[in-house]
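In what follows, every chain begins at residue 1, and chains take the letters A, B, ... in the order their sequences are listed. Predicted, not measured: the structure shown is a model, and the values here were computed from it.
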Amino acid sequence: MAKDHDGAEGSIVGTTVEKYGDNPPTAGIAVVVADQIPNPGFPPFRPRVTDLYPEKARQQERRVSALFVISIIGSVFAIAAYIAFPIVPGDIGSVRINNLLLGVGITLGLLGIGFGAVHWSKTLMDGHDLVEQRHGTRGTAATREKAVEVFTLGNKESGFGRRTLIRRTLIGALVVSPLPAVVLFRDLAPITDPVELLRHTLWDKGVRLTRDPSGTPIKASEVTIGSAFHVIPEGLNDHEDKLEQKAKAAVLLMRLKPEDLHVSADRADWNYDGIVAYSKICTHVGCPVALYEQQTHHLLCPCHQSQFDITQEAKVIFGPAKRPLPQLPITIDADGYLIARSDFTEPVGPSFWERKL
Amino acid sequence: MSTTETTRPETALEPTRGARFTGWAGNYLDERTSISGLVKELGRKIFPDHWSFMLGEVALYSFIVILLSGTFLTFFFQASMATQVYDGSWVPLKGIEMSAAMKSTLDISFDIRGGLLMRQVHHWAALLFIASIGLHMLRIYFTGAFRKPREINWLIGFTLFILAMLEGFTGYSLPDDLLSGNGLRIIDGMVKGIPIVGTWTSYLIFGGEFPGTDIVGRLYTVHILLGPAILVAALGVHLLLLVINKHTQFAGPGHTNDNVVGVPIMPVFAAKAGGFFFIIFGVIVLIASFFTINPIWVYGPYDPSPVSAGTQPDWYIGFADGALRLVPPGWELELGGYTLSLNILLVLIVVGVFLVVVALYPFIEGWITGDQREHHIADRPRNAPVRTAIGAAGVTFYAMLWAAASSDLIATHFRLTIEGVIHGCQVLLIVGPIIAYFVTKRVCVGLQKKDREIAMHGYESGRIVRLPGGEYIEVHEQLDDYERWKLVSFEDYKPLMIRPDKKGRITVNQRLRAAASSWFFEDRIAPVSRGEIESSHDGGH
Ligand code: HEM
Ligand code: FES
């Protein structure tokens, strides 16, 4: 197998004598076997057909070049396909064809080279294994001594160890010097307090509930029993920071039979004739909770499967979320459109440290 | 770093034009760069051959593919969240408002020839990259290739794995489509759940309230500058240490801890590895030409309100997503007016501890064995039963978190309830690794016993002969020395004996080590010794 049998007699755990001298590293709790079976050394080399028969070698040679030629054809084909099959605006089929033909051409261009090279190495290049000796990772005793000497000299010539005042002030300065860089990142966010922002949404007394995304107002009479509406506050679409506002103000509107709702005393006037509005932002980590099961009146969050029971004021009945979805108090205005009675009475969305303050 | 006998007798030939040019160019370079030294040192470096050693190569090559395709994408991608109205070729989204990032990604997909191909090459290569790093890590772990002198390289490899996931996540977030925004929303919610600093950290990351208009630009800097720069640097050190430490090799006849047996870089390994790079590249392009990945045009631009059930993050983020799902209900506290989101903290702690244990494992095992020698022979997993069993337990733990990330799909597919699947995963997350540990250990010890049996008595040949006395026996085929060597050459440890130190004391450290080492090496199967072989032969078979 290998051409060179030096060192084949060594044990499975090496000696690395050259580097460690008389002080070999400890073997810890390894068992040192006295009558270990000896390493048999390399088995004899088994030649391949291409080593034995020149005509077989020539055959493989042709095969390798054929693969390289296929590669050239593939690459040229890719260029041709790029030109011959352009993308026709509006025609998705043309995108697909372009993608496919270009891709297949490039694939051939690459695989031809790849398989050719590997085949070449396997059939025609020298098949002998070679042996290289390891010498232990650490430096020789002499090298290590030299390295120690370098440090000793450096220390002596600079007085780094001796002049403690210099050393300590330098370390101090090096520790303090990166701090401005930390401060510089303060303005990644505006000056305003995030906690204040998290407390308020666009909802306010009298703001109409409108359809998401069209923004058309909703009449209470349009909300039939069992139906659910995705809702945004009126005027949201005109806001500069539309997405940030929507990320807090998105609401789900449902109508249940009034007798199905278990309404607590302080929320008696928060629903309108069985129509209830709940924040759509999951109290776990903030996904939109939008899967409404009409029969059970459960809301399911698709992200981590928290479930909220609408008949019990969106109490969590399963999953990692802890708090119920905040309820938006609603009523109707003179024209019969649904409006908010106020903003949410607590922050919506995921919990955060200062939430209760 | 010498290689032995690498030249063969050459027949003297007139130098051809090509040879003269090579000679001139080599001389030109060497006189200016001293490159001949490097070529001498590295040119005939030996690489052992084993399929599992290619996993790291796959990772390296897919990373190069990522660099190439990613650079192409940067020429067309706009990392901006400024709102624009889409007017490109994909009709269903015409007239819809979206960020420049989303719009440019759609343009890459539908209006730039080869753009879709490059996007898909980039994404498929990213998936292959992370998968191959994971498998590469498993191979290092299960063969004990992390032992001295390679502990530091294990840490660097671990860093690469984390960076790869970071790159994957930031890349996934760039197109600003519905799924990427939803992923960021989850990150925002998790960050907000960190005590004391969470709210502000999220505020700083997003440059204001979620989602803001900064995040894509910021992630872009991380994705194409910081991440790749650190990755390339770490990869460089990783490969440098590989050259210094050289490859491990499996036990085999002629293989010792003091040598490396294999093919030289020039020419065989260069041809094989170079060819393999093109094969990996080709396979990725082939997949990208036939299979769609991340069809953002189906998802649409990010909007905090809509959702679709059954959407999944890229697979490598799954374990974290699964961990979030498995937290039992109600884990949130209020402490003096502050909110403590244990349902998020627990996930951060469990995942964090898991990763730290993975990172530190080589040091833990090194401390237990106290073995300071260098190890270059890769273990067969069965010969380190407890290590292998711990690995199996870790894999099971990860797999359970990962499975939990698909709890909804599992539930619908197998017609189970969501609750049932989650409870099942919760139980299996704890019980699964324990079972995996014991089963794996048993299997390893069983295989070791079988190896011992075979080394001493040979294989059952299936050939029955009738002895002159009329009795039938099955002939055992003895192993030859070369085959036997593979079965008997492994290392054996025994539990630490507690001994008082010089001052007559027994330290806590020693007690701990003794306990840990007896856990590791109690059920040891010693390798067959020469004496045993001889006596078994004398016994006559
Ligand atoms: C290990 C490293 C990397 C990983 C795992 C990775 C992964 C990803 C992923 C999963 C995407 C989403 C692609 C999609 O739309 O489906 C992406 C996007 C992108 N990546 Fe990378 N990437 C890496 C390195 C790079 C590098 C080095 C560059 C540039 C030199 C780059 C440039 C881009 C660009 C411009 C995009 C956005 C364009 C688009 O989404 O189509 N990436 N990356
Ligand atoms: S975000 Fe709703 S369950 Fe996690």
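Side-chain contact between A:Leu188 and B:Tyr203 is absent, with no heavy-atom pair separated by less than 4.5 Å. At a threshold of 4.5 Å between non-hydrogen side-chain atoms, the residues A:Asp241 and B:Thr213 do not count as touching.
Side-chain contact annotation: B:Ser305 with A:Lys280, donor-acceptor N/O pair under 3.5 Å present. For the residue pair B:Asn343/A:His284, the side-chain donor-acceptor check at 3.5 Å is not satisfied. Looking only at atom types and distance, the side chain of A:Gln305 has a donor-acceptor partner in the side chain of B:Arg325 under 3.5 Å away. Side chains of B:Gln372 and A:Thr26: no donor on one and acceptor on the other come within 3.5 Å.
Contact of B:Ser202 with chain A is not made at all, since no heavy-atom distance falls under 4.5 Å. Contacts between B:Asp111 and chain A at a heavy-atom distance below 4.5 Å involve the backbone alone (N, CA, C, O). With a threshold of 4.5 angstrom between heavy atoms, B:Pro149 approaches chain A through side-chain atoms but not through N, CA, C or O. B:Phe521 touches chain A through its side chain: at least one heavy atom from C-beta onward sits under 4.5 Å away, while N, CA, C and O do not. Residue contact with chain B, scored on non-hydrogen atoms closer than 4.5 Å, involves the side chain of A:Ile281 exclusively. For a residue to count as touching a neighbouring chain, one of its non-hydrogen atoms must lie under 4.5 Å from one of that chain's; by this rule B:Glu209 touches chain A with backbone and side chain alike. Only the side chain of B:Ile344 comes within contact range of chain A, with heavy atoms under 4.5 Å apart. If you measure heavy-atom distances from B:Lys148 to chain A, the contacts under 4.5 Å come from the side chain alone. Looking at B:Asp321, both its backbone and its side chain come within 4.5 Å of chain A, counting heavy atoms on both sides. There is no contact between B:Val121 and chain A, counting heavy-atom distances below 4.5 Å.
Under a 3.5 Å cut-off, the side chain of A:Arg134 and the backbone N or O of B:Asn245 do form a donor-acceptor pair.
Note that the CD atom of A:Glu240 and the OG1 atom of B:Thr83 stand 8.0 Å from one another [nearest 0.5 Å]. Rounding to the nearest 0.5 Å places OG1 of B:Thr199 at 11.5 Å from CG of A:Leu197. To the nearest 0.5 angstrom, B:Phe110 atom CZ is 11.5 Å from A:Asp91 atom CG. Atoms CZ and CZ, from B:Arg113 and A:Phe85 in turn, are 12.5 Å apart once rounded to the nearest 0.5 Å.
Taking the charged nitrogens against the carboxylate oxygens, B:Arg44 and A:Glu132 have no contact shorter than 4.0 Å, which rules out a salt bridge.
Aromatic ring pairs are classed by plane angle as parallel below 30°, tilted from 30° to 60° and perpendicular above 60°; the pair A:Trp353 and B:Tyr338 is parallel.
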